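To start, the structure under review is shown below, and the notes come after it.
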Amino acid sequence: MSFQQGLSGLNAASKQLEVIGNNVSNANTVGFKQSRAEFADVFANSITGGGGSQIGIGTNLATVAQQFTQGNITSTNNSLDIANNGNGFFRMSSNGAVTYTRNGQFQLDKFGYIVDSASKRLTGYAADASGNILSGAAVDLQINTADIQPVATTEIEGTINLDSRNNPMPAVPIFDPTDPTTYNNSTAVTVYDSLGNSHTLQNFFRKTSANTWNVYTTVDGVSTPALPATTAVMTFTGTGVSPTIVPALPSVTFTPLNSATPAVANGAANVTTTIDYSKSTQFGSAFSINKLSQDGFTSGRLSGFNTSSDGTIVGRYSNGQSKNLGRVVLS
């Protein structure tokens, strides 16, 4: 019997070495969780079921338990390498069969799905065309590589300083965008139509009295509205801030034209954009443009993407925009 007990001990030690060897061999396996051999002693049973103190008959490998502790996180150059910091598993799907893994080494297949080395697809929540994350059941995540749709400009916001030291201009000659002597200052900003074509919108500022400025607008060199109409009239008080603008939020509308000669409509919808200069000032210093922005953009191609801390996959586009492409879920 003692020989059998010793043999069970050798067998248990062999199993433990196997577990240790498996842990060592997978030291560089991403997402691998080491195992631990757990043993139990084996008791002898008497024929009668009772009796005095009994000597055990050796040891037995009770289980090989995985240790789900947090592993090291390593940075890589692959934007689809995703680390799970904490509890949970990535949820994978293979023709509807769901499996789970901690290995976050993913890549794109030829259909744009995020897959692992075994071609199992990563699941999560999809995003709509506007980048809104859709709730509901998890689906196979697919990266949409289509161009992002252009957005026409609807608002221009500017903060400028008009020089209070400028003298009012005489009534003659009247404003002429091609003659710099008929206005004091100007700004220019690129705006976009519904097809993503760019246009240059310019605002011209002509001082008409001590605290009053006429604002004129041209788009691609064409006055909008037609001269001699003004876009707005800005009137300051003695503080030089918070001008009164008439109309309060002026807007201009133009028909987008192509760059050919003669220029004709390019097929985009008419653009109507508001112009907000309400935060502008009139101080005794040189004309300056502190802010001049607009909310439109042209179309753009997907140039890259990354995964944020909450699992949202954010695409970056060549036009400087970003959009949500989906969200990884954990189980």
Side-chain angles (χ1 to χ4, degrees), residues 1-109 113-125 137-141 306-313 327-331:
M1 182 64 72
S2 60
F3 176 78
Q4 188 67 30
Q5 293 167 340
L7 186 61
S8 69
L10 291 174
N11 184 60
S14 175
K15 295 297 183 183
Q16 184 178 29
L17 288 175
E18 289 181 14
V19 173
I20 295 173
N22 185 62
N23 291 339
V24 172
S25 66
N26 284 282
N28 292 322
T29 300
V30 174
F32 175 77
K33 295 302 178 185
Q34 69 174 347
S35 300
R36 181 179 65 186
E38 297 179 357
F39 303 96
D41 52 352
V42 181
F43 290 99
N45 293 322
S46 64
I47 297 177
T48 60
S53 60
Q54 299 182 22
I55 299 175
I57 58 174
T59 187
N60 183 45
L61 179 64
T63 186
V64 177
Q66 280 189 300
Q67 306 301 300
F68 288 100
T69 55
Q70 179 64 46
N72 296 326
I73 295 178
T74 304
S75 299
T76 71
N77 294 323
N78 181 11
S79 59
L80 281 175
D81 283 343
I82 306 173
N84 183 1
N85 187 9
N87 296 325
F89 295 83
F90 298 111
R91 185 179 182 274
M92 310 301 296
S93 174
S94 178
N95 295 323
V98 176
T99 56
Y100 304 93
T101 182
R102 293 276 296 186
N103 188 345
Q105 289 181 310
F106 301 117
Q107 57 268 342
L108 292 180
D109 66 9
Y113 288 99
I114 303 176
V115 298
D116 62 10
S117 57
S119 297
K120 295 178 181 179
R121 294 176 179 177
L122 180 65
T123 65
Y125 299 129
V139 299
D140 297 348
L141 288 178
N306 62 279
T307 305
S308 61
S309 59
D310 65 350
T312 302
I313 302 173
R327 179 175 293 162
V328 181
V329 296
L330 298 178
S331 298

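In this text the structure is predicted, and so the values were computed from the model without any measurement.
No donor-acceptor distance shorter than 3.5 angstrom exists from the side chain of N60 to the backbone of A62, with no hydrogens or angles considered. With hydrogens and angles ignored, the 3.5 Å screen pairs no side-chain donor or acceptor of S79 with any backbone N or O of N306.
Closest heavy-atom contact between T101 and N103: OG1-N, 3.0 Å. Residues T59 and S8 share a closest heavy-atom pair of N-OG, 3.2 Å. Heavy atoms only, all atoms of each residue included: Q66 and S35 are closest at CG-OG, 3.6 Å. The shortest heavy-atom contact between Q34 and N23 is CA-OD1, 3.4 Å.
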Full working for side-chain contact (heavy atoms from CB on, under 4.5 Å) between N84 and F89: CA-CA 8 Å; N84 183 1; F89 295 83; 5.6 Å; no
Step-by-step side-chain contact (heavy atoms from CB on, under 4.5 Å) determination, R102 to F90: CA-CA 6 Å; R102 293 276 296 186; F90 298 111; 5.6 Å; no
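A distance of 11.0 Å separates CG of L141 from CZ of R327, quoted to the nearest 0.5 Å. Between the CD1 atom of I82 and the OG1 atom of T76 there is a distance of 10.0 Å, given to the nearest 0.5 Å. Here the CG atom belonging to D109 is positioned 6.0 Å from the CZ atom belonging to R121, to the nearest 0.5 angstrom. Once rounded to the nearest 0.5 Å, the distance linking CD of Q107 with CG of D81 reads 8.5 Å.
Within 6.0 Å of CG in N87 there are 12 or fewer heavy atoms belonging to other residues, nucleotides or ligands.
With I114 as the partner, the side-chain contact (heavy atoms from CB on, under 4.5 Å) test is satisfied by one option alone out of V328, T123, I313: I313.
A donor-acceptor pair shorter than 3.5 Å can be found between the side chains of T312 and D310.
Shown here are the ring pair (Phe, Tyr, Trp, His ring centres under 6.0 Å) partners of F39, two or more places apart in sequence or in another chain: there are none.
Counting only heavy atoms from C-beta outward, the side chains of E38 and V64 never approach each other to under 4.5 Å. Side-chain contact check for F106 versus M92: some heavy-atom pair is nearer than 4.5 Å.
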